[in-house]
4 protein chains.
Amino acid sequence: MKVTVWNENRHEQKNPDVRKAYPKGIHGAIAGFLEQNGYEVSGATLDEPEHGLTDEVLNNTDVLFWWGHIAHDEVDDAVVEKIKQRVLSGMGLIVLHSGHLSKIFRALMGTSCDLKWREADERERIWVCNPGHPIAEGVGENIELSKEEMYGEHFDIPAPDELVFISWFEGGEVFRSGCTFRRGKGKIFYFRPGHETYPTYHNPEIQRVLLNAVKWAKPSANPTPVYGNAKPLETISVKD
Amino acid sequence: MKVTVWNENRHEQKNPDVRKAYPKGIHGAIAGFLEQNGYEVSGATLDEPEHGLTDEVLNNTDVLFWWGHIAHDEVDDAVVEKIKQRVLSGMGLIVLHSGHLSKIFRALMGTSCDLKWREADERERIWVCNPGHPIAEGVGENIELSKEEMYGEHFDIPAPDELVFISWFEGGEVFRSGCTFRRGKGKIFYFRPGHETYPTYHNPEIQRVLLNAVKWAKPSANPTPVYGNAKPLETISVKD
Amino acid sequence: MKVTVWNENRHEQKNPDVRKAYPKGIHGAIAGFLEQNGYEVSGATLDEPEHGLTDEVLNNTDVLFWWGHIAHDEVDDAVVEKIKQRVLSGMGLIVLHSGHLSKIFRALMGTSCDLKWREADERERIWVCNPGHPIAEGVGENIELSKEEMYGEHFDIPAPDELVFISWFEGGEVFRSGCTFRRGKGKIFYFRPGHETYPTYHNPEIQRVLLNAVKWAKPSANPTPVYGNAKPLETISVKD
Amino acid sequence: MKVTVWNENRHEQKNPDVRKAYPKGIHGAIAGFLEQNGYEVSGATLDEPEHGLTDEVLNNTDVLFWWGHIAHDEVDDAVVEKIKQRVLSGMGLIVLHSGHLSKIFRALMGTSCDLKWREADERERIWVCNPGHPIAEGVGENIELSKEEMYGEHFDIPAPDELVFISWFEGGEVFRSGCTFRRGKGKIFYFRPGHETYPTYHNPEIQRVLLNAVKWAKPSANPTPVYGNAKPLETISVKD
């Protein structure tokens with residue numbers, strides 16, 4: 001299992017608070033606990049050539065994390081298209097927090113992926129609404145974060161294949177915080193928390209969710225479907 | 001369109017606060033705004049013979065409302081089985097609030113339908129998470145109720161076919177408040193609010209949701225599927 | 001209710017068999033039975049300026065039909081983007097047959113939308129697998145077409161919100177033939193049959209499905225969600 | 001992982017053809033390939049005390065297979081209720097073929113679970129319509145069985161959470177052959193093939209599907225949700 005953690009890595013350069021919360025960058029923090037759990041992990045960032053996502057990297061990635069926020073528009077369309085094809089071919093994709101507006105997530109969803117938000121140091125409670133789901137394994141009834149950015153409904157996504165978490169916010173909003181989607185042979189998990197100024201990715205319960213998500217999103221060893229002109233039954237030999 | 005509003009009608013007999021909120025009973029309040037909107041409506045209650053749900057009543061009901069709470073166990077199993085067969089044959093069913101633990105809802109869901117609850121006069125905000133759904137038509141972004149009983153996740157239901165509303169509660173919980181399910185040819189809508197001591201069913205926005213739900217749940221004029229031993233293609237004449 | 005029927009209208013110009021099956025074009029045939037059922041209908045075709053889909057036309061369309069096949073690439077990206085925004089804002093979209101590879105359908109689905117196909121004059125049986133669905137209203141257990149093009153699984157779409165029809169083909173394939181999707185406030189229905197050389201759109205049962213689909217896909221009068229920076233609960237006055 | 005394979009085991013006693021196809025019973029055949037793949041497997045049959053499903057057996061079962069046909073009515077309601085509670089608590093359940101009419105499946109689905117059928121030695125092709133699903137891992141585009149009983153739509157089940165396989169039959173029918181459902185904390189997989197007079201469970205591709213299903217259905221180590229009267233947020237200490 002090879003995991004690539006992609007991070008825009010711009011807030012870390014500009015904002016000392018973010019650097020303090022994530023001295024090795026958000027990608028570094030995520031790579032850290034993944035490595036401690038036995039995964040082979042690489043980081044990739046916006047300002048590298050091809051955003052660090054060369055064909056070789058993408059073709060050797062089983063699960064890709066995506067964190068972006070202020071520079072979605074700077075991601076090259078050709079790279080987005082390549083990621084999309086890899087997801088449809090089976091690569092897992094875990095989209096974090098403000099990645100909801102990334103080109104890759106919007107291209108795979110087909111909707112605006114817009115939402116309400118507020119930065120007000122609000123308490124968040126992430127409730128499990130699918131208690132037998134593998135992504136919620138080992139998580140309690142809810143995960144409580146003392147301070148986070150608020151994201152609120154309506155979240156303009158297609159109805160998720162599975163809804164795993166719903167968030168409650170102090171200021172009066174709710175949000176579908178953990179959503180799974182299948183697209184082609186690939187599995188996608190969107191997970192809400194993780195604003196850059198809070199130490200969210202250091203929280204052991206958040207880490208547990210992300211570790212579960214990696215396991216869940218790993219590619220299946222299914223043959224790729226054959227599309228196009230097909231022969232009829234008569235010409236196919238029966239197998240049994 | 002004939003609508004039957006079934007109500008346990010026990011709180012009304014015992015508790016003056018409930019009688020004050022609903023002088024004609026909860027069923028009377030619901031029947032009232034349905035009639036004002038042109039529906040032919042009857043009430044039916046637990047203590048009538050066959051709970052008011054004779055074969056004649058059930059066979060002439062297009063959409064059935066269900067409100068029950070403290071006497072679920074007193075509902076006769078034979079009546080429950082008849083209601084279930086009518087739903088599978090196409091009758092719409094709208095289950096309200098504490099009806100989540102009714103025999104009919106649990107029989108159609110196959111799960112415990114259990115949940116968390118608290119009576120603490122809490123503020124509730126019912127958010128629309130499916131803004132193009134006909135049951136949310138004409139409703140704003142959320143419906144705010146100043147005081148209601150809290151219901152919280154996990155709500156032990158099958159994943160709803162469509163999730164229309166999610167509630168936020170002052171005390172820290174969320175709840176899947178508006179859920180649709182199809183069972184056989186019938187459409188089912190579960191709607192959370194409506195604790196007996198609050199004037200919830202007098203709220204015009206709540207009424208709007210229920211009016212929309214009646215329209216949505218009405219039976220389709222589809223032929224009933226034929227089950228059992230079937231002839232193969234060769235013996236069926238082509239229609240076109 | 002205003003319906004616009006968009007047709008590529010190229011086969012009709014090149015192939016006398018298609019002209020024979022559809023003397024007024026595929027769009028003319030569809031417009032015909034829609035008008036007979038009381039809808040206000042306009043046609044629009046690829047070779048008109050802006051493909052016949054000006055802002056005025058789009059903004060006044062409640063439900064858009066889409067039939068395309070050999071010239072998907074010639075549809076202007078700017079027009080596709082406008083249609084997509086209209087769907088997300090609530091316009092219904094009915095995608096027919098080879099429209100599965102249209103730019104607009106792929107943009108809304110986020111997948112390749114590819115499939116297996118074969119032109120071999122095969123018998124098709126379109127089975128209802130959701131007998132209470134409004135799009136199947138008045139349709140029998142299946143619709144049998146004596147000759148159609150085959151489309152087979154795997155059909156590379158997101159799991160549909162509702163699966164209404166599954167097709168059986170003589171040569172050994174199956175296909176998810178009637179699928180609903182919600183995107184933003186808009187409703188989308190994909191319906192498989194309708195190869196240009198067969199008189200499929202003259203079949204009364206096929207017409208019945210499409211008439212049902214128009215009713216189902218009509219925009220709801222729901223307020224548009226507000227996205228972006230939101231005020232917290234404390235500043236919002238309670239409505240009830 | 002402990003697997004219990006429950007089989008009605010009546011056809012095997014009465015019909016020499018079934019004994020020939022399954023000398024050790026259908027449960028013996030299934031237990032055989034599960035054991036070869038490293039699972040700890042027990043059989044249980046209708047005519048044992050408590051149908052072989054004592055509290056001790058059920059409480060130690062991670063995944064339960066269910067094959068029944070002609071004696072559904074003889075299964076004790078109290079045992080059915082215990083199985084249902086175990087599924088809601090997390091035990092996986094794999095329902096095979098004619099088990100669609102078993103008491104346990106119908107109790108968990110809430111519908112009639114009826115369907116069309118025909119015994120005519122027809123060819124069946126089971127198509128994968130969800131190529132990234134773990135239950136389809138290692139399976140080709142379709143599984144072809146030269147002779148099986150036909151099952152046809154409409155299959156009266158709730159919309160499955162995931163549709164993995166659709167069957168094609170020589171005589172003109174289609175069927176949703178591989179369906180997943182979550183109920184409570186438990187995962188349920190229904191798989192169509194396996195009429196008693198055909199050697200279906202000796203087919204390596206069918207075995208592969210069932211092995212995948214066991215892995216998929218295994219219980220998650222999630223805490224059991226707490227239901228009932230709940231304390232508000234203020235009294236709960238923040239965890240992070």
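First the proteins, then the strands, lettered A, B, ... as listed; each starts at 1.
Put simply, CD1 on C/I135 and CG on B/N222 are 11.0 Å apart, with the number rounded to the nearest 0.5 Å.
By the 6.0 Å contact criterion, NZ on C/K218 is open, its count of non-hydrogen atoms from other residues, nucleotides or ligands being 12 or less.
In this structure, B/K187 and C/G132 approach most closely via the heavy-atom pair NZ-O, 3.2 Å. For the residue pair B/R182 and C/P134, the shortest heavy atom distance occurs at NH2-CD, 3.8 Å.
When the candidates C/G90, C/P131, C/G184 are compared by the number of heavy-atom contacts under 4.5 Å with chain B, C/P131 comes out ahead. Contact count versus chain B (heavy atoms, under 4.5 Å) is highest, among C/D161, C/N130, C/V128, for C/N130.
Interface residue B/H133: backbone and side-chain heavy atoms are both found under 4.5 Å from chain C. With a threshold of 4.5 angstrom between heavy atoms, B/V226 approaches chain C through its backbone and through its side chain.
With hydrogens and angles ignored, the 3.5 Å screen pairs no side-chain donor or acceptor of B/E137 with any backbone N or O of C/S220.
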